[in-house]
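Everything quoted here is computed from the prediction, not taken from an experiment. Numbers here are sequence positions counted from 1.
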Amino acid sequence: MITAVLFDLDGTLLDHEDAARRAVVGMFPDEDPAPLAARWAELTDQAVDRYLAGELSFAEQRRLRIVTLARELGLGDWDDARADAWLTGYVARYQAAWRPFPDAGPALDALAARGLRLGVITNGDAAQQRLKVERIGFAARLPVVVASSEADAAKPAAGIFLTACAALGAEPHAAAYVGDRLVVDAQGAAAAGLTGVWLDRSGGPSPGPLDVARITTLDALPSLLRG
C-alpha cells in the first residue's frame with residue numbers, strides 16, 4: 001500500500017521550461033526566440049549536469065551558461081561582473097514566470113485528501129527550489145523538500161530517494177515517486193525500491209516496453225496509485 005508520494009519539481013509540478021523561455025527571450029528581445037530558448041535549455045542542461053557532478057558551484061554553472069551564450073551571439077567575452085549583472089535581470093524574470101502546471105494542484109489535493117504524505121525530491125539548490133515550492137503555492141501541501149545540494153546525493157542515486165522517504169517516515173516500498181524524466185526520475189526511484197512513475201507530458205506514444213508506470217498528466221495519478 002502506498003502511504004507517501006514524492007514529486008520531482010521542475011517539469012513535473014512547476015513549468016520550468018516556459019519560465020526559462022520567457023526569461024531568456026525577455027533578456028534578448030531582438031533574437032529569434034525559438035532557437036534562443038532551445039540553445040539556453042541545452043546550455044542549462046549541460047551546466048547543471050556539471051554542477052550536480054561537483055565540477056561547478058551553483059553560481060559558476062549560471063555564469064557558464066550566459067558567458068557561453070553571449071559569445072555565441074557575438075557579444076564578446078563577458079567577465080563575472082557582466083555575467084552576474086545579466087543574471088540578476090534574468091533571475092528576476094525567471095522567478096516572475098514561475099507557474100505550476102494546471103494539473104498539479106488538483107492532483108496534490110486529491111492525494112492529500114486520502115491521507116497520503118507528500119513531498120519533493122529535486123536536483124538543485126535547496127534555497128531556490130524551496131522558494132519555487134512556496135511561490136507556486138504548494139508549501140503547505142509539500143512540507144518536505146529534499147534537494148541534492150543538502151542530501152549529498154543527486155537523482156538517480158538511491159541515497160536521495162531514501163533520504164526523502166526517511167524524512168516522510170515512509171518505507172521505500174510504501175512510497176511512490178513521480179517525475180518527468182524516465183531514467184533519472186522514474187527508473188532511479190524504482191531502483192531505490194520506490195514505485196517509480198514517469199510523467200511523460202509529451203503525450204506521444206510509449207517508446208517501448210517500460211519497467212515503470214507511465215502517465216501523461218497528473219490527473220491520472222490518483223487513480224493509478226489507488227490501483
Side-chain angles (χ1 to χ4, degrees), residues 1-16 52 100-124 126 129-130 132-134 136-227:
M1 178 182 295
I2 298 297
T3 62
V5 186
L6 291 146
F7 294 85
D8 171 51
L9 182 55
D10 296 313
T12 299
L13 299 177
L14 181 144
D15 193 346
H16 159 77
L52 294 174
F101 285 102
D103 56 1
L108 294 177
D109 288 343
L111 296 171
R114 285 160 44 186
L116 298 179
R117 287 164 281 174
L118 307 178
V120 168
I121 304 175
T122 175
N123 283 350
Q129 299 302 80
R130 289 197 176 96
K132 289 177 180 177
V133 173
E134 179 182 344
I136 63 175
F138 290 169
R141 284 172 278 191
L142 298 168
V144 172
V145 177
V146 176
S148 61
S149 68
E150 295 178 338
D152 295 325
K155 299 178 294 183
I160 194 168
F161 294 104
L162 300 181
T163 295
C165 287
L168 276 181
E171 293 295 326
H173 66 82
Y177 182 74
V178 186
D180 66 303
R181 291 172 294 177
L182 175 59
V183 175
V184 172
D185 289 323
Q187 292 178 338
L194 291 73
T195 295
V197 180
W198 178 31
L199 174 61
D200 180 12
R201 289 192 178 277
S202 73
S206 176
L210 297 173
D211 54 358
V212 294
R214 171 181 177 261
I215 56 176
T216 59
T217 171
L218 289 175
D219 294 334
L221 184 63
S223 59
L224 173 70
L225 295 182
R226 182 177 285 113

| request: Check Leu14, Val145, Ile121, Leu108 against Phe7 for a side chain to side chain contact (heavy atoms under 4.5 Å, CB included) and give me the one that passes. | output: Leu108

| request: Let me know which of Val133, Leu9, Leu118, Val120 forms a side chain to side chain contact (heavy atoms under 4.5 Å, CB included) with Phe138. | output: Val133

| remark: When every non-hydrogen atom of Leu218 is compared with those of Ala107, the smallest separation belongs to O-CB, 3.6 Å

| message | Which heavy atom of Pro156 sits nearest to which heavy atom of Val183, and what is that distance? | response | CB-O, 4.1 Å

Rounded to the nearest 0.5 Å, how far apart are [atom1] of [X] and [atom2] of [Y]?
X      : Y      : atom1 : atom2 : result
Asp200 : Arg181 : CG    : CZ    : 13.5 Å
Phe101 : Asp219 : CZ    : CG    : 12.5 Å
Lys132 : Thr122 : NZ    : OG1   : 6.5 Å

| request: Could you tell me whether the side chain of Leu13 reaches within less than 4.5 Å of the side chain of Pro100, counting heavy atoms only? | output: no

| Note, Ser149 side chain near Gln129 side chain (heavy atom, < 4.5 Å) | no

| remark: Given the options Asp10, Asp15, Asp103, Arg201 meets salt bridge (Lys or Arg N to Asp or Glu O under 4.0 Å) only with Asp103

| Residue pairs fulfilling ring pair (Phe, Tyr, Trp, His ring centres under 6.0 Å) with at least one residue in residues 179-220, sequence neighbours excluded | none

| message | Tell me whether the count of non-hydrogen atoms from other residues, nucleotides or ligands lying under 6.0 Å of CD in Glu171 goes above 12. | response | no

